[in-house]
Amino acid sequence: MTKFIPVNEPLLNGNEKKYLIECIDTGWISSEGPFIRRFEENFSSRVGRKFGVAVANGTLAIDAAIQALNIGPGDEVILPTFTIISCISQIIRSGAKPILVDCDPFTWNMDVSQVEAKITSATKAIMFVHIYGLPVDLDPILGLAKKYNLKLIEDAAEMHGQTYKGRPCGSFGDISTFSFYPNKHITTGEGGMIVMDDESLYLECQSLRNLCFQPQKRFVHEELGWNMRMTNLQAAVGVAQLERLDEFVNRKRAMGALYTEQLHEVEDKIQLPVARTDYADNIYWVYGVVLKEALGVDAHSVMQKLSEMGVGTRPFFYPMHLQPVFTKASHFQNESYPVSEKISRLGFYLPSGLALSEVDIVKSAKALIKILNEYS
Ligand SMILES: Cc1ncc(COP(=O)(O)O)c(C=O)c1O
């Protein structure tokens with residue numbers, strides 16, 4: 001029987017085991033252990049920031065960013081509709097209003113030309129989210145933040161090792177956040193990081209991570225936080241993974257190039273990822289494809305067939321303005337973002353994990369070509 005090709009499988013064959021054994025041998029398994037500081041320092045300096053706060057996942061990293069920037073009732077935050085729910089949930093919980101923009105049909109990132117028209121006197125922040133492997137076109141966003149005195153929240157969850165015009169992603173937000181879920185370029189199993197340069201934001205995020213315990217009066221709370229601590233075990237894996245980030249980025253780029261070479265012959269039927277823009281080369285966090293409308297089939301049917309042929313896939317994000325949890329609560333009434341709606345219906349990604357072999361990339365591409373040719 002041929003093996004099912006999973007959509008993601010991480011590579012954990014560096015120093016991960018050695019550092020984990022160190023944790024066990026020394027008894028440091030909680031969030032107090034020395035790998036936490038080491039991971040925070042190594043990671044934040046890698047992305048060119050002064051401070052890093054390791055947390056339990058990338059969703060909580062965003063939650064903390066929203067709270068640390070004092071975003072709440074009366075405030076508006078502009079963000080893309082084509083993203084993961086993690087970006088919006090704390091905006092809504094805080095009582096602030098999310099204001100959506102559509103995405104670019106080719107990079108799938110926030111359409112930055114739509115942002116300025118959405119700015120009002122209530123706008124407090126822009127949250128930009130780098131999607132699938134290319135960064136958001138940042139110069140226009142940085143210009144707007146300056147012009148209107150807005151805070152920037154950068155969700156760089158998928159962007160480890162990527163740069164915008166040579167400067168690391170994760171270095172552009174007042175607060176920038178990362179995820180280390182196993183499908184990311186580097187993983188800690190579950191995990192996240194909040195990075196910043198401002199010391200007061202750093203201290204606030206540290207406090208929010210740890211239930212807002214106070215150093216002098218431990219169990220007396222002036223503020224509500226979360227327990228979003230990362231464990232020393234997770235940080236040990238993170239330190240080992242970070243040692244290999246450049247290798248992993250190169251590997252993903254080679255994987256992306258191989259997929260593109262294989263799928264070139266069906267470019268009349270599917271849109272492939274953009275390999276480079278004038279500000280960045282794709283790092284292919286995932287290898288996404290969008291079926292051409294003329295094919296007359298949606299992503300779900302093609303993914304189903306790929307699964308039957310032993311190839312794992314995931315659908316593209318489902319836009320925020322269509323999420324039942326929000327429409328039921330009367331958010332985003334009569335709002336429509338056609339590009340996001342289209343790519344969410346027609347887009348999906350192929351096996352993209354770092355452990356994927358070249359043979360499996362070729363097999364996955366060939367399976368997709370076979371299916372697409374049935375529709376011609
Ligand atoms: C853009 C983006 N933001 C946030 C997250 C959330 O990260 P986590 O799964 O670590 O909570 C993800 C996860 O994949 C993501 O892709």
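Numbering of ligands and ligand atoms starts at 1, following listing order. Please read all numbers here as calculations on a predicted model, not as lab measurements.
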Note to self: Within 45 degrees of the ring normal and closer than 6.0 Å to the centroid, is that where the cationic atom of R218 sits relative to F213?
What the structure shows: yes
Next item on the list: Applying side chain to side chain donor-acceptor pair (under 3.5 Å) between S86 and each of N57, D63, T59, report the one that passes.
Entry: T59
Scan the side chains in residues 293-303 for donor-acceptor partners under 3.5 Å anywhere in the protein, sequence neighbours excluded, and list what turns up.
unit_1	atom_1	unit_2	atom_2	d
E293	OE2	R345	NH1	3.0
E293	OE2	R345	NH2	3.1
D298	OD1	H300	N	3.4
D298	OD1	S301	N	3.1
D298	OD1	S301	OG	2.8

Please report, to 0.1 Å, the donor-acceptor pairs under 3.5 Å made by any side chain of residues 122-131, with sequence neighbours excluded.
unit_1	atom_1	unit_2	atom_2	d
T123	OG1	T120	N	2.8
T123	OG1	T120	O	3.2
K124	NZ	L69	O	3.4
K124	NZ	N70	O	2.9
H130	ND1	V136	N	3.0
H130	NE2	E154	OE2	2.7

Next item on the list: For E9, check side chain to side chain donor-acceptor pair (under 3.5 Å) against everything at least two apart and list the hits.
Entry: none
Please give the N or O to N or O pairs under 3.5 Å between ligand 1 and the protein, distances rounded to 0.1 Å.
unit_1	atom_1	unit_2	atom_2	d
ligand 1	3 (N)	D155	OD1	3.4
ligand 1	3 (N)	D155	OD2	2.6
ligand 1	7 (O)	S179	OG	3.4
ligand 1	10 (O)	G58	N	2.8
ligand 1	10 (O)	S179	OG	2.7
ligand 1	11 (O)	G58	N	3.4
ligand 1	11 (O)	T59	N	2.9
ligand 1	11 (O)	T59	OG1	2.5
ligand 1	14 (O)	K184	NZ	2.7
ligand 1	16 (O)	E158	OE2	2.6

Checklist line | Check against ring pair (Phe, Tyr, Trp, His ring centres under 6.0 Å), Y284 and Y132 | finding: CA-CA 6 Å; Y284 301 100; Y132 295 167; over 10 Å; no
